[in-house]
S.K.: 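Below you'll find the structure I mean.
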Amino acid sequence: MIALSDATPLPRTFFDRPVLEVAPDLLGRTLLRTTPEGQIAVRLTEVEAYDGPADPGSHAYRGRTARNSVMFGPPGHVYVYFTYGMWHCMNLVCGPEGRASAVLLRAGEIVEGAELARTRRLSARGDKELAKGPARLATALNVDRSLDGADVCASGDIPMRMLNGAPTPADQVRNGPRTGVAGEGGDGDVHPWRFWIADDPTVSPYRSHTPRRRRG
DNA sequence: CTAGTGATTCCCT
DNA sequence: GGGAATCACTAGC
């Protein structure tokens, strides 16, 4: 059991701020996942901000639907989506309520429960790959749509909570275009809202958006 | 290390 | 109908 540097829970006021403020502030902090099999803790190293219906890259861009409704709710809740037919990715909703902004958790370092995480990530070559990528992170933590809407700021025994951890000094925070979002990474760099910790080995490799050719 | 490609299903148009 | 906030695998440098 690795001692967490600061296991104080993050209060809802942490998330009830503009998403571009919250996203870099999440780097270095700890997500604690509790399951019947045990606990897994992840030190976040890479995130992306999505800022509501005005952001073309956001799932909220075309308004509220059954899938994204949690984004339109109060901050401090988890938005989980299913994509590419196989994978889940998790976000934390930010404030103010109704803006539909959220932070996608893209990568992290497993600092507790690596053995348990590995049972769900058998293809990972080493521990650094356990949560190197948003779907890998969700898989390692056993996160799926059943956790959509979960409140990470609730009291008592809850499946997921954010802990204070060790916030990253501003001079160690990097930012750039978001991964896999059309229009970013080229000339545009429209929204350089991907944030990561400089030189951290668990940050996922950057991939610009490439349109897929139709089968046939 | 990078680049290319198939997998697989849900959701919105 | 067709794209999707991705991954694992392969080939090649």
Side-chain angles (χ1 to χ4, degrees), chain A residues 19-20 22-24 26-27 31 42 44-72 77-94 99-108 110 117-149 174-186 188-196 199-216:
Chain A
V19 67
L20 291 180
V22 177
L26 278 168
L27 297 175
L31 172 62
V42 188
L44 299 180
T45 59
E46 180 188 355
V47 300
E48 277 176 6
Y50 289 85
D51 193 16
D55 176 1
S58 171
H59 285 177
Y61 183 51
R62 295 180 199 288
R64 184 175 191 149
T65 66
R67 174 174 76 155
N68 67 19
S69 65
V70 171
M71 293 184 79
F72 290 80
H77 290 247
V78 182
Y79 165 51
V80 181
Y81 66 87
F82 178 77
T83 191
Y84 288 104
M86 283 172 274
W87 310 110
H88 295 275
C89 297
M90 66 171 291
N91 302 252
L92 296 171
V93 176
C94 295
R99 188 179 175 95
S101 63
V103 178
L104 170 69
L105 308 186
R106 288 200 54 89
I110 307 287
R118 179 160 285 282
T119 65
R120 307 194 57 83
R121 291 276 303 118
L122 297 176
S123 64
R125 295 206 173 211
D127 283 2
K128 285 180 303 190
E129 285 190 3
L130 286 173
K132 190 176 189 169
R136 289 167 168 179
L137 186 149
T139 301
L141 297 183
N142 197 8
V143 167
D144 61 22
R145 283 280 284 171
S146 70
L147 281 160
D148 188 50
R174 299 288 180 271
N175 75 293
R178 295 178 296 187
T179 307
V181 175
E184 304 197 27
D189 200 15
V190 233
H191 294 312
W193 292 348
R194 173 179 175 247
F195 299 89
W196 67 95
D199 301 320
D200 191 289
T202 64
V203 172
S204 68
Y206 174 72
R207 303 209 189 295
S208 63
H209 176 78
T210 51
R212 301 189 58 79
R213 195 174 61 89
R214 290 196 314 150
R215 287 179 42 206

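Just so we're clear, the structure is a prediction, and the values are computed from it rather than from any experiment. Atoms considered below: every heavy atom in the structure, side chains included; atoms not considered: hydrogens, waters and symmetry mates.
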S.K.: Kindly check if the number of other-residue, nucleotide or ligand heavy atoms within 6.0 Å of CZ (A/Arg99) is above 12?
M.R.: no

S.K.: With a 4.0 Å limit, can you tell me whether A/Thr83 has a side-chain N or O closer than that to the phosphate oxygens OP1/OP2 of C/dA5?
M.R.: no

S.K.: Let me know, please, whether A/Arg125 or A/Arg106 comes out on the 5' side of the other along DNA chain C by nearest nucleotide.
M.R.: A/Arg106

S.K.: What contact category does A/Arg207 fall into here, base, sugar-phosphate, or nothing, at under 4.0 angstrom with non-hydrogen atoms?
M.R.: nothing

S.K.: Return the nucleotide paired to B/dA3: Watson-Crick means purine N1 to pyrimidine N3 with N6-O4 or O6-N4, wobble means G-U with N1-O2 and O6-N3, both under 3.5 Å.
M.R.: C/dT10

S.K.: Starting at atom OH of A/Tyr84, determine the distance to atom P of C/dC9, rounded to an integer number of angstrom.
M.R.: 19 Å

S.K.: Taking the side chain of A/Phe82 as heavy atoms from C-beta outward, which of B/dT9, C/dA8, C/dT6 is closest to it?
M.R.: B/dT9

S.K.: Please determine, for the side chain of A/Ser58, which listed nucleotide (C/dC7, C/dA8, C/dA5) has the closest atom?
M.R.: C/dA5

S.K.: So which nucleotide from B/dT13, C/dA5, C/dC9 ends up closest to the side chain of A/Arg62?
M.R.: B/dT13

S.K.: By centroid distance (under 5.5 Å) and plane angle (under 30°), are A/Tyr50 and C/dA5 in a stacked arrangement?
M.R.: yes

S.K.: Does the side-chain contact (heavy atoms from CB on, under 4.5 Å) test come out yes or no for A/Thr83 and A/His59, once each step is laid out?
M.R.: CA-CA 12 Å; A/Thr83 191; A/His59 285 177; over 6 Å; no

S.K.: Once you round it to whole Å, what is the distance between C1' of B/dC1 and CD of A/Glu129?
M.R.: 13 Å

S.K.: A/His88 has an atom NE2; how far is it from atom P of B/dT8, in whole Å?
M.R.: 15 Å

S.K.: In this structure, which one of A/Thr45, A/Leu92, A/Val78 forms a side chain to side chain contact (heavy atoms under 4.5 Å, CB included) with A/Leu105?
M.R.: A/Leu92

S.K.: Using whole Å, what does the distance between atom P of nucleotide C/dT6 and atom CG of A/Leu130 come to?
M.R.: 19 Å

S.K.: Using a cut-off of 4.0 Å on non-hydrogen atoms, how would the nucleic acid contact of A/Arg121 be classed: base, sugar-phosphate, or nothing?
M.R.: sugar-phosphate

S.K.: Decide, yes or no, whether a salt bridge links A/Asp127 with A/Arg118 under the criterion of side-chain N to carboxylate O below 4.0 Å.
M.R.: yes

S.K.: Whole angstrom is fine here: how far is it from NZ in A/Lys132 over to P in C/dC7?
M.R.: 11 Å

S.K.: Can a donor-acceptor pair under 3.5 Å be found between the side-chain atoms of A/Tyr81 and the base atoms of C/dA4?
M.R.: no

S.K.: Any side-chain N or O of A/Thr179 less than 4.0 Å from the OP1 or OP2 oxygen of C/dA5?
M.R.: no

S.K.: With the six-membered base ring of C/dT6 as reference, does the ring of A/Trp87 sit under 5.5 Å away with planes under 30° apart?
M.R.: no

S.K.: Looking only at side-chain atoms of A/Met86, point me to the closest of B/dC12, C/dC7, B/dA7.
M.R.: B/dA7

S.K.: To the nearest Å, how far apart are A/Arg136 CZ and C/dA5 P?
M.R.: 18 Å

S.K.: Out of the candidates A/Arg207, A/Glu48, A/Glu46, only one should pair with A/Thr179 under the side chain to side chain donor-acceptor pair (under 3.5 Å) rule; please name it.
M.R.: A/Glu48

S.K.: Roughly how many Å is it from CZ in A/Arg194 to P in C/dT6, rounded to a whole number?
M.R.: 11 Å

S.K.: Start at the 5' end of DNA chain C and walk down; is the nucleotide closest to A/Ala124 or to A/Ala182 reached first?
M.R.: A/Ala182

S.K.: Heavy atoms only, 4.0 Å cut-off, all strands: where does A/Gly57 land among base, sugar-phosphate and nothing?
M.R.: base

S.K.: What nucleotide among B/dC11, C/dC9, C/dA5 has an atom nearest to a side-chain atom of A/Arg145?
M.R.: B/dC11

S.K.: Which whole-number value in Å describes the distance from A/Tyr61 OH to B/dT13 P?
M.R.: 12 Å

S.K.: Counting only heavy atoms not in A/Arg145, do more than 12 sit closer than 6.0 Å to its CZ atom?
M.R.: yes

